[in-house]
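Have a look at the structure below before the remarks.
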There are 2 protein chains.
Amino acid sequence: MKEGPDIARIAALIGDPARANMLTALMSGKALTVSELAEEAGITIQTASSHLSKLDEGGLLRPRKQGRHKYFSLASDQVAHVLEGLMGLAAGAGHLRRRTGPKDAELRQARVCYNHLAGDMGTQMFDSLIAGGHLRLDGEDLSLTETGAGLVTGLGIDLGALQKGQAALCRECLDWSERRSHLAGSLGRALLSRFEELSWARRDQKTRVVSFSPNGVTEFERLFGSG
Amino acid sequence: MKEGPDIARIAALIGDPARANMLTALMSGKALTVSELAEEAGITIQTASSHLSKLDEGGLLRPRKQGRHKYFSLASDQVAHVLEGLMGLAAGAGHLRRRTGPKDAELRQARVCYNHLAGDMGTQMFDSLIAGGHLRLDGEDLSLTETGAGLVTGLGIDLGALQKGQAALCRECLDWSERRSHLAGSLGRALLSRFEELSWARRDQKTRVVSFSPNGVTEFERLFGSG
DNA sequence: TCTATGCTTCGATTAGGATCGAACTATGAA
DNA sequence: TTCATAGTTCGATCCTAATCGAAGCATAGA
């Protein structure tokens, strides 16, 4: 009678309207701050903070501190999957929220974040590397797998030289427009440099926009295509 | 900001310990009466009755009156699927319930997930079917190949009858104890039924444990052996 | 250093709902 | 009919947890 995992704890976490609203907002895949989630749920920041620590403790969220902000995203695809299932039960047809309208299209598509690729293409590359098993995320630590090393070397990047430096090879970076992770660290920097060397991409001199050539787009899609 | 399906309402229904216990009991696939479910949850019949009408109103259960008894079962595979997903999250968060007894080991080896085989043997069968080319996984879609159809028919299952129903033939279901996929859908259900018909396996009356006979183990290994 | 902002903690209040006793209805058996 | 069993409804109690004001930290920027 009392066997199996404690499903009630998790379900009760999702079962509060305020928390459910926050989780629904996070289904966009974006990371959101405490204040944003508070507004999303229609409650004060204090209350939101309390809710978020409960959700975190329950393993549903993944928090990341960045400066004085604290970003939350869903802990895993598994969580998203369960939430979607619940939505299916609740309505059968209800669906996701609309996205925020693109303001500066070029910037949102591809731009430089310090020294690596950010924006839509940055997150796409990151997601593809994870999905393809080239990059592995263990808690906070990001590491390159063997197949990932092969992919990078195949692009003509000297991995040994990168590993000599004292900077981390792989790091997650969260940027403000997509609110999702993309690849930073020395590898992230090397990849963008390599794209430029291959004339796949070119940085605009005055803005942070990164423009891809037609050939660059093709190659990028071949390597990191979502289809 | 309050648009979209009301996931909180459904999750709150599952989030009460007493109701969660009843739902977990119903994961065995059997229909249970109000009194049985009350005992299962450790509450009085009055309270159980109140809970059950709420679950019914929420669309999670399917009630059937039979004489002066009222039998409840889960409303659909979809409900079972969400419950199994929640178990996966709970198990992942380390919120396993209480003592791990010998029952727990049996549950992990082979159990009923609503109406199909789960646990170690469930995932083993699934993996074997994939590896043998009997089942093909394309993204989210799972389909039976020609050789798979042959295998199933050879077991004495009427594939044509299954395909007539409106339920999906093959579906993936995530296993909370193994954290891997096993086979759900009408085919998953048919396979378990067939194992029972052949006296290879037998469901425990009170728990979700599935016990295989010595001969059943042999046959199962012959068909889905990992060697 | 000082100020502004983002978040957390503490305490008090309050509302919702889980629970059970008791009474009531419905079905089946004698 | 009368009795027994299964389930529902009602009312009162009680307890959990959501909520927010206020104060306390922590970080960024000047």
Side-chain angles (χ1 to χ4, degrees), chain A residues 1-2 6-26 30-58 60-73 113-114 173-176 179, chain B residues 1-2 6-26 30-58 60-73 95:
Chain A
M1 37 195 86
K2 293 285 161 67
D6 192 354
I7 158 180
R9 268 205 154 70
I10 299 294
L13 280 176
I14 309 175
D16 177 79
R19 287 193 291 257
N21 281 334
M22 300 193 208
L23 290 169
T24 303
L26 289 172
K30 292 188 177 183
L32 297 172
T33 65
V34 177
S35 345
E36 289 167 330
L37 288 165
E39 174 158 355
E40 201 65 47
I43 53 180
T44 62
I45 300 182
Q46 309 94 286
T47 310
S49 176
S50 158
H51 282 310
L52 288 167
S53 38
K54 283 172 190 169
L55 287 172
D56 182 21
E57 201 169 340
L60 299 182
L61 297 183
R62 190 161 71 97
R64 271 171 294 178
K65 264 192 214 156
Q66 191 142 317
R68 51 182 168 177
H69 297 269
K70 191 166 181 184
Y71 287 94
F72 284 95
S73 48
C113 174
Y114 186 39
C173 183
L174 200 61
D175 72 60
W176 52 265
R179 295 292 176 82
Chain B
M1 67 176 66
K2 295 280 159 74
D6 193 358
I7 138 180
R9 194 182 166 88
I10 299 295
L13 281 176
I14 310 175
D16 177 79
R19 287 193 292 256
N21 280 334
M22 300 194 210
L23 290 170
T24 302
L26 290 172
K30 288 183 59 176
L32 298 172
T33 66
V34 177
S35 346
E36 287 168 330
L37 287 165
E39 173 160 356
E40 202 66 43
I43 53 180
T44 62
I45 300 182
Q46 310 94 286
T47 310
S49 176
S50 157
H51 282 312
L52 287 168
S53 40
K54 283 172 188 167
L55 287 171
D56 183 20
E57 201 169 338
L60 298 181
L61 297 184
R62 189 164 69 98
R64 271 175 299 175
K65 265 192 224 155
Q66 210 159 79
R68 50 182 169 177
H69 295 270
K70 192 168 180 182
Y71 286 96
F72 284 95
S73 50
H95 286 150

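Everything numeric here is computed off the predicted structure, so don't read it as measured data.
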What is the distance from CD of B/Glu36 to C1' of D/dA6, rounded to the nearest Å? 12 Å

Scanning both residues in full, the closest heavy-atom pair of B/Ala41 with B/Ala18 reads CB-O, 3.6 Å

Roughly, in whole Å, what's the span from CG in B/Leu32 to C1' in D/dG7? 16 Å

Rounded to whole angstrom units, what separation is found between the NZ atom of A/Lys65 and the C1' atom of C/dG6? 12 Å

Measure from NE2 on A/His69 to P on C/dA4 and round the result to the nearest Å. 17 Å

Please find the pair of heavy atoms, one from A/Asp56 and one from A/Pro63, that lie closest to each other, and give the distance. OD2-CG, 3.5 Å

Euclidean distance, atom CD of residue A/Glu39 to atom P of C/dG6 [Å, nearest integer]: 12 Å

Specify the separation, in whole Å, of atom CG of B/Asn21 and atom C1' of C/dA18. 14 Å

Taking atom C1' of D/dT8 as reference, at what distance in whole Å does atom CG of B/Asp56 sit? 14 Å

Please pick, from D/dG7, C/dT8, D/dT8, the nucleotide with the shortest atom-to-atom distance to any side-chain atom of A/Ser49. C/dT8

What contact category does A/Ser53 fall into here, base, sugar-phosphate, or nothing, at under 4.0 angstrom with non-hydrogen atoms? nothing

What one should report as the nearest heavy-atom pair of B/Glu40 and B/Ala25 is CG-CB, 3.3 Å

Exactly one of A/Leu23, A/Leu26, A/Ile45 clears side chain to side chain contact (heavy atoms under 4.5 Å, CB included) with A/Leu37, and that residue is A/Leu26

With a 3.5 Å distance limit and no angle check, can you tell me whether B/Ser50 reaches the backbone of B/Gln46 through a side-chain donor-acceptor pair? no

Flag the pair A/His51 / A/Ile43 as yes when at least one side-chain heavy-atom distance between them is below 4.5 Å, and no otherwise. yes

Validation row: B/Arg64, B/Ser73 side chains within 4.5 angstrom (heavy atoms): yes

Treating A/Arg19 as the side-chain partner and B/Ala8 as the backbone partner, does any N or O pair qualify as donor plus acceptor under 3.5 Å? no

Is there side-chain contact between A/Ile14 and B/Ile14, with heavy atoms separated by less than 4.5 Å? no

Terminal helix-axis angle for the helix from C/dT1-D/dA30 to C/dA30-D/dT1, with five pairs defining each axis and rounding to 10 degrees: 30°

Figure out the NZ/P separation between A/Lys70 and D/dA26, and round it to whole Å. 13 Å

Check nucleotides 17-24 of chain D for protein N or O atoms closer than 3.5 Å to its own N or O atoms and list the pairs.
| residue | atom | partner | partner atom | Å |
| --- | --- | --- | --- | --- |
| D/dA18 | OP1 | A/Arg19 | NH2 | 3.1 |
| D/dA18 | OP2 | A/Lys54 | NZ | 2.9 |
| D/dT19 | OP2 | A/His51 | NE2 | 2.5 |
| D/dC20 | OP2 | A/Thr44 | N | 3.2 |
| D/dC20 | OP2 | A/Thr44 | OG1 | 3.2 |
| D/dC20 | OP2 | A/Thr47 | OG1 | 3.1 |
| D/dG21 | N7 | A/Gln46 | NE2 | 2.6 |

